[in-house]
Amino acid sequence: MSDSEFPGENGNDDKNAKNANAKKAENAKDGANANEFLAARFESHRGHLRAVAYRMLGSLSEADDAVQEAWLKLSRVDADRVDNLGGWLTTVVGRVCLDMLRSRRSRGEEPLGPLAEGPPGVRMPEPVLSPVSGIDPEQEALLADSVGLALLVVLETLTPAERLAFVLHDLFAVPFEEIAPLVGRTSAASRQLASRARRRVQGGAPVPDPDLGRQRAVVDAFLAAAREGDFDALVAVLDPDVVARSEGGVTAGAIAVASGASGYAHLARIARPALVNGAAGVVVVVEGRPVGVLAFTVVHGRIAVIDILNDPERLAGLDVTVLDR
């Protein structure tokens with residue numbers, strides 16, 4: 001008997017095949033929808049995670065790498081079993097950044113030790129540049145809680161474990177009970193890590209005057225004095241204990257800093273005003289290329305800290321076109 005003599009059986013086979021294909025399509029659609037939903041949930045936390053990573057690493061590009069790694073880790077777990085996704089992602093980014101810092105240190109990149117000649121320098125973080133008109137909404141999230149360059153410079157001097165404990169606890173309110181497993185310490189030991197870091201921060205990153213207009217007036221007075229080579233005017237706008245830091249070395253005291261600044265009149269003439277990590281600063285641009293970034297910490301109407309980035313390789317990665325917006 002031929003197959004055509006059993007139309008009912010063939011019809012059932014076709015129907016079953018169609019049902020199976022429809023089920024596969026439905027499952028694929030559900031999977032795609034689930035992935036889109038998970039991606040949307042992750043994106044809602046991206047700004048926060050990038051802020052955590054930037055404070056941990058002092059580099060925007062490395063921060064983006066750490067956030068991407070967190071997404072890859074999230075995509076490999078059952079997110080439905082994560083009660084607090086934001087908290088889980090924060091600790092994941094913290095762990096990723098900790099590993100990156102340890103790797104950086106094993107390569108001898110951080111912190112900088114004494115140089116072959118001259119005083120020891122500091123590893124300068126990557127600055128966030130904005131026009132004097134203000135920072136954009138994305139930068140506001142990144143620079144919340146007054147994350148000036150001075151704070152990031154001090155963070156560069158901490159051990160990876162100290163930096164993690166301080167950043168997660170003091171800046172993002174992560175409990176020490178959750179930090180302890182990340183650094184392989186007890187909660188009490190993690191608390192001590194943060195305490196040591198806090199003392200370093202308080203000593204090296206003073207709280208700046210909140211008024212940007214006042215900051216700018218002080219910085220403008222500094223630049224005017226530098227352009228004119230007016231030593232007394234330079235000293236007048238500097239805190240007696242001012243510190244000027246760069247990867248080439250550290251200079252302390254108003255007399256010493258003013259002596260150095262008076263020799264850079266030509267750079268002061270071409271310096272462009274900018275916001276550097278949300279505070280008054282300047283960018284020196286030559287033929288469209290940045291050759292220096294100066295961030296000023298103004299406290300009680302005087303300059304307390306000057307952080308200087310002058311490394312050509314790292315300056316090359318900065319987008320100075322934002323200053324024209």
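All of these numbers come straight from a predicted model, not from anything done at the bench. What's counted below: heavy atoms across the whole structure, side chains too, no hydrogens, waters or symmetry copies.
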>> Please evaluate residues F42 and L49 with respect to the criterion side-chain contact (heavy atoms from CB on, under 4.5 Å), reporting the C-alpha separation (whole Å), side-chain torsions for both, the decisive distance (0.1 Å), and the verdict.
In response: CA-CA 10 Å; F42 179 83; L49 299 176; 3.8 Å; yes
Return yes if some donor-acceptor pair links the side-chain N/O of [X] with the main-chain N/O of [Y] below 3.5 Å, else return no.
X: E178; Y: P175; value: no
X: S259; Y: I255; value: yes
X: R163; Y: M56; value: yes
X: E126; Y: L60; value: yes

How long is the straight-line distance from [atom2] of [Y] back to [atom1] of [X], given to the nearest 0.5 Å?
X: L171; Y: L155; atom1: CG; atom2: CG; result: 7.0 Å
X: I306; Y: L238; atom1: CD1; atom2: CG; result: 6.0 Å
X: R245; Y: L309; atom1: CZ; atom2: CG; result: 13.0 Å
X: R123; Y: D311; atom1: CZ; atom2: CG; result: 9.5 Å
X: F166; Y: F172; atom1: CZ; atom2: CZ; result: 10.5 Å
X: C97; Y: L57; atom1: SG; atom2: CG; result: 4.0 Å

Do [X] and [Y] make a side-chain contact, defined as non-hydrogen atoms from C-beta onward lying under 4.5 Å apart?
X: L275; Y: P131; value: no
X: L129; Y: L318; value: yes
X: Q192; Y: R185; value: no

[X]-[Y] co-clustered via ILVMFWY side chain contacts under 4.5 Å:
X: I303; Y: V153; answer: no
X: L164; Y: L151; answer: yes
X: I308; Y: L315; answer: no
X: V276; Y: I270; answer: no
X: L267; Y: L323; answer: no

>> V257 and side chain to side chain contact (heavy atoms under 4.5 Å, CB included): which single residue from V235, V243, T251 fits?
In response: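 Exactly one option meets the side chain to side chain contact (heavy atoms under 4.5 Å, CB included) with V257, and it is T251.
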I need the minimum non-hydrogen distance between [X] and [Y], along with the two atoms involved.
X: V282; Y: A271; result: CB-CB, 4.0 Å
X: V183; Y: S190; result: CG2-OG, 3.6 Å
X: R95; Y: L182; result: NH2-O, 2.8 Å
X: G134; Y: S130; result: O-CB, 3.9 Å
X: P125; Y: E156; result: CB-OE2, 4.1 Å

Scan the side chains in residues 284-300 for donor-acceptor partners under 3.5 Å anywhere in the protein, sequence neighbours excluded, and list what turns up.
none

> Should the pair R191-E177 be classified as a salt bridge under the 4.0 Å nitrogen-to-oxygen rule?
Replying inline: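 Between E177 and R191 there is no salt bridge, as every charged N stays at least 4.0 Å from the carboxylate O atoms.
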Got a sec, which pairs hit salt bridge (charged side-chain N to carboxylate O under 4.0 Å, His left out) with one end in [range], sequence neighbours left out?
range: residues 38-50; value: E43-R46, R50-D64, R50-E138
range: residues 231-243; value: none
range: residues 271-284; value: R272-D324

Name all pairs fulfilling the ring-ring contact (aromatic ring centres under 6.0 Å, His included) condition that reach into [range], sequence neighbours left out, sorted by first residue then second.
range: residues 242-289; answer: none
range: residues 184-203; answer: none
range: residues 197-217; answer: none
range: residues 122-143; answer: none

Which pairs of donor and acceptor atoms, one on a side chain in residues 82-90, lie under 3.5 Å apart (sequence neighbours left out)?
unit_1, atom_1, unit_2, atom_2, d
N84, OD1, G86, N, 3.4
N84, OD1, G87, N, 3.1
T90, OG1, H48, NE2, 2.8
T90, OG1, G86, O, 2.8

Check: residues 213-227 side-chain donor-acceptor pairs under 3.5 Å, at least two apart:
unit_1, atom_1, unit_2, atom_2, d
Q215, OE1, A280, N, 3.0
Q215, NE2, D209, O, 2.6
R216, NH1, G281, O, 3.3
R216, NH2, A274, O, 2.7
R216, NH2, G281, O, 3.1
R227, NH1, A268, O, 3.3

> Stepwise, does the side-chain contact (heavy atoms from CB on, under 4.5 Å) test hold for R104 with E62?
Replying inline: CA-CA 11 Å; R104 186 192 287 174; E62 289 183 357; 2.5 Å; yes
Could you list the donor-acceptor pairs under 3.5 angstrom formed by side chains in residues 197-205, with sequence neighbours left out?
unit_1, atom_1, unit_2, atom_2, d
R198, NE, D170, OD2, 2.6
R198, NH2, D170, OD1, 3.0
R198, NH2, D170, OD2, 3.3
R199, NH1, S195, OG, 3.1
R200, NH2, T157, O, 3.4
R200, NH2, T157, OG1, 3.0

> How far apart are the C-alpha atoms of L98 and R102, what are their side-chain angles, what is the distance that settles it, and do they pass the side-chain contact (heavy atoms from CB on, under 4.5 Å) test?
Replying inline: CA-CA 6 Å; L98 181 64; R102 286 171 171 167; 3.7 Å; yes
> For residues 66-75, which residue pairs qualify under side-chain hydrogen bond (donor to acceptor under 3.5 Å, both in side chains), counting only residues two or more places apart or in two chains?
Replying inline: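 Residue pairs passing side-chain hydrogen bond (donor to acceptor under 3.5 Å, both in side chains), neighbours aside: none found.
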